[in-house]
Amino acid sequence: MSTPRIALAWAATAIVLSTGAMAFSALDLAAEEGRFAAHSVRHGMRAAFIAYMAPDALLLRPEPVNAQEFLGPRPDPPIILDWRSQLAAVSASGDLGFSTGPWKRVAKADPAAPPAYGQFFSVWKKQADGTWKVLLDHGISHPQPSLADALLRTVELPKAPALKGDAEGAFADRVRKDGVRAAYRVVAHPLARLLREGVAPLEGAALREALATMPEAVNWEILASGVSAAGDFAYSLSRYSRSGQAPGRGHALRVWVRHEGAWSLLGEVETPLPEPAAR
């Protein structure tokens with residue numbers, strides 16, 4: 001994530017949208033996220049991330065870097081970072097998962113100072129030893145708290161035939177055919193959440209409003225991607241570039257899940273890269 005996250009041990013009631021017999025569920029993943037956050041509060045952000053990030057996990061700083069190599073030589077930042085999962089999903093094959101929700105950051109040197117707030121966005125992967133570790137982690141910050149008291153929502157993916165084709169390829173085809181705005185409207189999951197730096201999470205009516213004004217001239221270059229063994233959960237990390245009235249470049253991390261027999265966009269976090277320094 002681009003900015004530290006805080007997940008106080010907030011209690012939450014789960015809203016389960018679909019169910020299926022699973023060895024490891026979205027509720028389990030949300031609980032694992034809670035243990036990750038508790039580790040951060042008790043032992044520091046650095047120790048928690050080293051403990052819970054996979055050996056091949058990536059962070060954006062601002063370009064993708066190996067999390068363990070990046071964090072290893074650095075001191076623990078002087079903050080208390082806490083967070084909680086507010087939306088989670090796990091593949092039917094129990095090998096990949098997604099978690100997102102609010103974080104809060106407090107300075108250790110001045111606990112009375114105003115906190116910082118934002119949202120984290122993490123892709124989790126089951127490791128060979130059976131443990132779950134974070135594979136990709138990113139996020140945004142925004143001025144005021146958002147979703148701090150919202151109920152936990154989970155998306156369980158019941159066993160079904162694997163989806164054909166790849167999610168990003170199908171999305172790219174739709175963008176070329178119908179344009180960016182129309183493509184997003186078609187693929188957005190009922191619980192779709194888009195994260196943009198500096199603003200509260202875009203979902204529901206706010207998401208629909210944002211899609212109506214989204215720049216059409218966008219290209220994505222896939223840097224990393226993966227799909228679950230069940231063919232019902234996929235993720236991608238890409239570099240985007242925009243032209244036209246809102247030019248810019250940055251990174252996008254997306255999570256796709258099966259919904260009504262097709263790939264559906266459940267979550268996306270997008271953050272711009274710094275503009276090159278003027279000579």
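For reference, positions follow the sequence shown, starting with 1.
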Given side-chain contact (heavy atoms from CB on, under 4.5 Å), test S146 with Q119 step by step and report yes or no. CA-CA 8 Å; S146 179; Q119 306 289 317; 3.9 Å; yes
Gap separating the [atom1] atom of [X] from the [atom2] atom of [Y], nearest 0.5 angstrom:
X: K125; Y: W132; atom1: NZ; atom2: CH2; answer: 10.5 Å
X: L59; Y: D137; atom1: CG; atom2: CG; answer: 6.0 Å
X: T131; Y: Y52; atom1: OG1; atom2: OH; answer: 10.0 Å
X: L273; Y: L60; atom1: CG; atom2: CG; answer: 8.5 Å
X: L27; Y: F24; atom1: CG; atom2: CZ; answer: 10.0 Å
X: L223; Y: S236; atom1: CG; atom2: OG; answer: 9.0 Å

Pair [X]-[Y], side-chain donor/acceptor within less than 3.5 Å:
X: T271; Y: H138; result: yes
X: E197; Y: H142; result: no
X: S99; Y: E33; result: yes

Short N-O contact, [X] and [Y], less than 4.0 angstrom:
X: R84; Y: D149; value: no
X: R242; Y: E270; value: yes
X: E268; Y: R196; value: yes
X: R254; Y: E168; value: yes

Within the structure provided, determine whether [X] and [Y] are in side-chain contact (heavy-atom separation under 4.5 Å).
X: Y235; Y: L96; answer: yes
X: F121; Y: V255; answer: yes
X: R185; Y: L211; answer: yes
X: L58; Y: V65; answer: no
X: F70; Y: R61; answer: yes
X: L157; Y: V90; answer: no
X: S93; Y: K126; answer: no
X: D178; Y: V186; answer: no

Cluster overlap [X] with [Y], hydrophobic side-chain contacts below 4.5 Å:
X: L191; Y: L207; value: no
X: I79; Y: W103; value: yes
X: I50; Y: F36; value: yes
X: L237; Y: L195; value: yes
X: L265; Y: M214; value: yes

What's the shortest heavy-atom distance between [X] and [Y], and which atoms?
X: L147; Y: P102; answer: O-CG, 3.7 Å
X: L71; Y: R46; answer: O-NE, 3.2 Å
X: L152; Y: S85; answer: CD1-O, 3.5 Å
X: N66; Y: D56; answer: ND2-CA, 3.9 Å
X: E63; Y: R239; answer: OE1-NH2, 3.0 Å
X: A47; Y: H43; answer: CB-O, 3.7 Å

Look at the side chain of [X] and the backbone N and O of [Y], then say whether any donor-acceptor pair between them is shorter than 3.5 Å.
X: S91; Y: D95; result: yes
X: D76; Y: M45; result: yes
X: D28; Y: S25; result: yes
X: S228; Y: F233; result: yes
X: E156; Y: A89; result: no

Give me the ring orientation class for H259 and H189: parallel if the planes are under 30° apart, tilted from 30 to 60°, perpendicular past 60°. tilted
Given W124 and L135, is the side-chain contact (heavy atoms from CB on, under 4.5 Å) satisfied, shown in steps? CA-CA 5 Å; W124 290 69; L135 183 64; over 6 Å; no
With ring pair (Phe, Tyr, Trp, His ring centres under 6.0 Å) as the rule and sequence neighbours excluded, what pairs involving residues 159-188 come up? F171-Y184, F171-W220, F171-W256
Going through the distances and angles, do V187 and S264 end up as a side-chain contact (heavy atoms from CB on, under 4.5 Å)? CA-CA 5 Å; V187 303; S264 185; 5.8 Å; no
Residue pair V269, I140: steps toward the side-chain contact (heavy atoms from CB on, under 4.5 Å) verdict: CA-CA 8 Å; V269 57; I140 61 161; 3.8 Å; yes
Only one of R153, R208, R193 forms a salt bridge (Lys or Arg N to Asp or Glu O under 4.0 Å) with E203, so which one is it?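 Exactly one option meets the salt bridge (Lys or Arg N to Asp or Glu O under 4.0 Å) with E203, and it is R193.
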